[in-house]
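Below: one structure, written as structure tokens.
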Protein chains: 2
Amino acid sequence: MESAYNRIRNEHLNQRVVSADEASSWIKDGMTLGLSGFTRAGDVKAVPFALVERARKEPLKVNVFTGASLGSDIDKLFAEAGILNKRLPFQADAIMRKGINQGDFLFVDQHLSHTSELVRSNVLEPIDFAILEAITIQEDGTIIPTTSVGNSYIFAKHAKEIIVEINMAQPEALEGIHDLYDPGKQGERQPIPLTKPNDRIGSIGIKVDPEKIRGIVFTNQADSPSTIVPPDEETVIMAQHLISFLRSEIEAGRLTESLAPLQSGIGSVANAVLNGLLDSEFEDLQVYSEVLQDAVFELIDAGKVSFASCCSITLSSEKMGQVFSNFEKYRDKLILRPQEISNHPELIRRMGLISINTALEVDIYGNVNSTHVMGTNMMNGIGGSGDFARNALLGIFVTKSIAKGGNISSIVPFVPHVDHTEHDVDVIVTEQGYADLRGLAPRERVERIINNCAHPMYRDQLREYYQEALQKGGQTPHVLEKALSWHSNYAKNGTMLKKVPQHSYVFNFWG
Amino acid sequence: MESAYNRIRNEHLNQRVVSADEASSWIKDGMTLGLSGFTRAGDVKAVPFALVERARKEPLKVNVFTGASLGSDIDKLFAEAGILNKRLPFQADAIMRKGINQGDFLFVDQHLSHTSELVRSNVLEPIDFAILEAITIQEDGTIIPTTSVGNSYIFAKHAKEIIVEINMAQPEALEGIHDLYDPGKQGERQPIPLTKPNDRIGSIGIKVDPEKIRGIVFTNQADSPSTIVPPDEETVIMAQHLISFLRSEIEAGRLTESLAPLQSGIGSVANAVLNGLLDSEFEDLQVYSEVLQDAVFELIDAGKVSFASCCSITLSSEKMGQVFSNFEKYRDKLILRPQEISNHPELIRRMGLISINTALEVDIYGNVNSTHVMGTNMMNGIGGSGDFARNALLGIFVTKSIAKGGNISSIVPFVPHVDHTEHDVDVIVTEQGYADLRGLAPRERVERIINNCAHPMYRDQLREYYQEALQKGGQTPHVLEKALSWHSNYAKNGTMLKKVPQHSYVFNFWG
């Protein structure tokens, strides 16, 4: 335990070490908690469990605000324990998702750069406790975060009290790679002085009044590893299409071989697409993203990526071991920032990012649904995709052209939920090809999307819809009575296909 | 004509004065033109007419890029002459609208801050001629714009050649009130050094190589007056609701009596709502907007507004006379900027604007349709509403709760076109009341929108839809088969009402 206490460099605070049970006992029914944690990285790993235990014995409901999704099954346990009143701004857990869609508790799906503004301007419920994972607490009370920053900075600043979990399993080597910057109140702030992914503009930790730190809990547990699956045949092809597109941009003189700072959303498809850059001729790449997944570290190892800025590092078990056991190799190539800064429109537009995010489905005019399965059921949340797509140099969305063995087409006449409008979607990539939609009118986009991105088994059916819509005319022709019929058809018949396809055809596609 | 020539302060350029016919003869079939003009202000008024004349005699199709809508019936004449291949990024003419919706030519509806980025990065067709209205040309070739800046700066910089129309009817007093700033290429740019609406960051004109100015045409014609109608009973009530909301923000400590810089969209409703501030207790207001309409000048006259930044001044005939005959009174209270700067996400977010824009319709979850009548037919375009709503401190949308004598409800189960998603819409105001949606989950928003904003004649019908949707569950409950049925019903039966209302009721409302 001695080495543990070395992690608290303020003598006075050494007296505030408590058990998770004790810390959790301070939390009252109806309170609002601001938790560290972003896509399974840097979440607190003790107090939430103690809270779940308490909820078994007494009525307890709280609002839980985080950076993004949590690991360690915390969101699952929260949902199962019925502990939640309101959860925001993002989650990615199957059980929590079920609770959300049943209406068991409220879920507020937000642009990940917006939550901090709503906390700062006192629009959201005031935060009673910020509960933050840390590597150390410095003498002056500065809290050094771990593998994510998320919203920890703004939670710490605005919470009435703070509970810190010092996680002995998190590498001390992380100290020094964070860059904490608070833009301040809207209307009083200065330009954010960042023009390149490797600019340092803030401090290495979250400086708070030590008196606000009510308790410190020790933990010793690694982050949950990421759940991404390795690239498959189709995601490899998607990466190739993306590379073809980027090559054509270089040919047109709009990009150089170092491209522009890259952002990539979470998940297997986005990871696979980044992975594809390993085999490209592109060099001296920079990353300015939310989450760094395995692929970015492989690109660093290969000498392809020279710098990566993020607000969270979420790795597979294997990669976590490699990276953290050899961290000196990466130290000068990484910065971890608050999600407000990693996702800030000002910076995304200024640097002109290439932004790659995953769509659930896309319509023939280029509107994207990123969140709602069949228009109603929440998947994870919009995350940072809106922050990036709207402001990037290139807002790219990737999706496989079909799902559920071909019974769902990811290209539909009309998306039943819009997260990204036709104005914000530049390029769509599927395993069929890519559609560059920039500067095109809706009627021009239709052809490109159907011909280049839709699966062949759905192309005629899409064309048939569009031809009927064209008879009605309009800037964006639609047959309102049939616009959502593909989704209704799926709900009723288990397929979006009008006619059941010949089996041979489907089997052919699936190899 | 002597005084006219005084407007060209470069001797060499004096020799380039030509007739509009001659200038128009340089334009070839297939070219792309970048025209000055933003919401009827500062548009070129001679060469377009000469071009329309030419199109009567020879085949001629061009792409026309502008700031926003044009006055002087130019968009109407362009559409009638069949002169257009592609038009962007905004228009507001009934005949042009008809052509767009018939598919006679292509219309690309863009965020008004985005067009310049697409020109700068060579994504759009290269601009052959920039045709720009000016007050004067200075000795070094600097072009001083008139009543709007729009995209003139970026068009001038990137066009192969420039035609200038010097309009003797535009007040020379405007010289000095423009502030032209070019942020430069994405990836190479610095922070935009603007933190307050009255910051000057650029030059008073568009500096170009005089050799690029191929011809100068003289005109003498005032801008088309704005078409706004005076406030009516309902818009007056809407203004009162907005003021109530702003008061409650002051009470909550989130605003002071000088509020935050105001942005207001074009049109009669937005103008009327601003007008309502005349009778408020708010003081020392600032405006950071696209277009200044009559109301802003009335607020300046009343001592309510101390400064107004914009990219266009669009006034009624009467107000135009008052303002321009007495311009010294306003000179130090105004700045005219490029629309890229008036609408820049970086600045809107930094300053924390209060943004007020008009919706066509809103759904029960807060998604907004600003552009497409019945989901298919273009009205005007998204304009700057997306730039502002996404990044403002307060993204407010205003609409009357019903239209067409009550046969259309502006609150619907599902908008058939989404311009602003649930993530970007903070407050909705109708003559019924306001709904503050910030920090609410979709199921919370429904109640507030129906109870506070929907017209009483539609509330039960909306509740009935929602109750049925709730049976199906989901984060955002919907009955997909019925989601668009209100619009289908209107198309078939001329009303969104399920049952024809008792006449007395409808007549009562319309008083």
Side-chain angles (χ1 to χ4, degrees), chain A residues 86 100-103 106-111 118 121-124 186-187 189-193 195 252-254 260 345-346 349-352 367 372 375-378 382 386 390-391 393 416-419 421 423 438-441 443-444 472-478 480-481 483-484 487-488, chain B residues 86 100-103 106-111 118 121-124 186-187 189-193 195 252-254 260 345-346 349-352 367 372 375-378 382 386 390-391 393 416-419 421 423 438-441 443-444 472-478 480-481 483-484 487-488:
Chain A
K86 181 180 276 187
I100 290 169
N101 292 321
Q102 284 172 185
L106 299 166
F107 176 60
V108 186
D109 173 24
Q110 296 178 321
H111 296 299
L118 293 169
S121 57
N122 299 315
V123 168
L124 296 178
Q186 283 176 288
R189 61 177 64 152
Q190 293 300 307
I192 303 173
T195 59
R254 291 192 284 255
E346 173 173 340
R349 178 97 169 231
R350 181 182 299 154
M351 291 189 281
N367 299 284
H372 282 67
T376 57
N377 277 22
M378 177 53 60
I382 191 168
R390 167 74 63 90
N391 299 295
L393 174 72
H417 183 89
V418 177
D419 290 295
T421 75
H423 309 286
R438 292 172 298 167
L440 299 188
R443 289 175 187 224
E444 295 176 291
K472 298 182 171 258
Q475 161 82 350
T476 306
H478 271 301
L480 289 190
E481 293 76 13
L484 293 169
H487 299 83
S488 300
Chain B
K86 181 180 276 188
I100 290 169
N101 291 321
Q102 284 171 186
L106 298 166
F107 175 60
V108 185
D109 174 23
Q110 296 178 321
H111 296 300
L118 293 169
S121 57
N122 299 314
V123 168
L124 297 177
Q186 283 176 291
R189 61 177 66 152
Q190 293 299 308
I192 302 173
T195 60
R254 290 191 284 256
E346 173 173 340
R349 178 98 169 231
R350 181 181 300 154
M351 290 189 281
N367 299 284
H372 283 67
T376 57
N377 277 22
M378 175 55 58
I382 191 168
R390 166 75 63 90
N391 300 294
L393 173 72
H417 183 90
V418 177
D419 290 295
T421 74
H423 309 286
R438 293 172 298 166
L440 299 188
R443 290 176 186 223
E444 294 176 290
K472 297 182 171 257
Q475 161 83 349
T476 305
H478 271 302
L480 288 191
E481 294 76 14
L484 293 168
H487 299 82
S488 299

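Quick note on labels: first sequence line is chain A, next is B, and so on, each numbered from 1.
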Revision key, fill the gap. When the 4.5 angstrom heavy-atom criterion is applied to A/His372 and chain B, the contacting part is side chain
**Study point:** chain A interface, residue from B/Met351, B/Arg254, B/Arg350 that has the most non-hydrogen pairs under 4.5 Å
**Key:** B/Arg350
Check your understanding: Of all of B/Arg443, B/His478, B/Lys472, B/His487, which one pairs up most often with chain A through heavy atoms under 4.5 Å apart?
Key -> B/Arg443
Check your understanding: What pair of heavy atoms forms the shortest contact from A/Gly439 to B/Val108, and how long is it?
Key -> O-CG2, 3.6 Å
Exercise for review: Heavy atoms only, distances under 4.5 angstrom: which of B/Thr376, B/Val418, B/Asn367 has the most pairs with chain A? Name it, please.
Suggested key: B/Thr376
Check your understanding: Which bit of A/Gln102 is near chain B, if near means a heavy-atom gap under 4.5 Å: side chain, backbone, both or neither?
Key -> backbone
Review point. Measuring heavy-atom distances to chain A, does B/Pro416 have an atom under 4.5 Å in its side chain, in its backbone, in both, or in neither?
Key: both
Practice item. Indicate whether any N or O donor in one side chain lies under 3.5 Å from an N or O acceptor in the other, for B/Arg390 and A/His111. Key: yes
Practice item. Measure across A/Ala260 and A/Gly352 and return the closest heavy-atom pair with its distance rounded to 0.1 Å. Key: CB-O, 3.3 Å
Practice item. Before giving the answer on side chain to side chain contact (heavy atoms under 4.5 Å, CB included), spell out for B/Gln190 and A/Thr195 the whole-Å C-alpha distance, their side-chain angles and the decisive distance to 0.1 Å. Key: CA-CA 6 Å; B/Gln190 293 299 308; A/Thr195 59; 3.8 Å; yes
Point to revise | Derivation of the side chain to side chain contact (heavy atoms under 4.5 Å, CB included) call for B/Asp419 and B/Ile382 | key: CA-CA 7 Å; B/Asp419 290 295; B/Ile382 191 168; 3.8 Å; yes
Exercise for review: Side chain from CB out, backbone as N, CA, C, O: work out which of these in A/Leu124 comes under 4.5 Å of a heavy atom of chain B, or both, or neither.
Suggested key: side chain
Point to revise | Option in B/Asn122, B/Asp109, B/Asn391, B/Leu440 with maximal non-hydrogen atom pairs under 4.5 Å from chain A | key: B/Asp109
Check your understanding: Checking B/Glu346 side chain against B/Ile192 main chain: does a donor-acceptor pair fall under 3.5 Å?
Key -> yes
Practice item. Output the option from A/Leu118, A/Ile100, A/Val123 having the highest count of non-hydrogen pairs under 4.5 Å with chain B. Key: A/Val123
Review point. Where is the tightest heavy-atom contact between B/Phe107 and A/Gln475, given as atom of each residue plus distance?
Key: O-NE2, 2.9 Å
Study note, to complete from the structure: Looking only at A/Leu484, A/Leu480, A/Thr476, most heavy-atom pairs under 4.5 Å shared with chain B are made by A/Thr476
Practice item. Against chain A, work out which of B/His417, B/His423, B/Lys86, B/Gln110 has the most heavy-atom pairs shorter than 4.5 Å and name it. Key: B/His423
Practice item. Write down the atom of B/Gly474, the atom of A/Asn377, and the distance for their closest heavy-atom approach. Key: CA-OD1, 3.2 Å
Exercise for review: With a 4.5 angstrom heavy-atom cut-off, could you sort out which part of A/Arg349 is near chain B: side chain, backbone, both or neither?
Suggested key: both
**Study point:** Region of B/Arg189 that comes under 4.5 Å of a non-hydrogen atom in chain A
**Key:** both
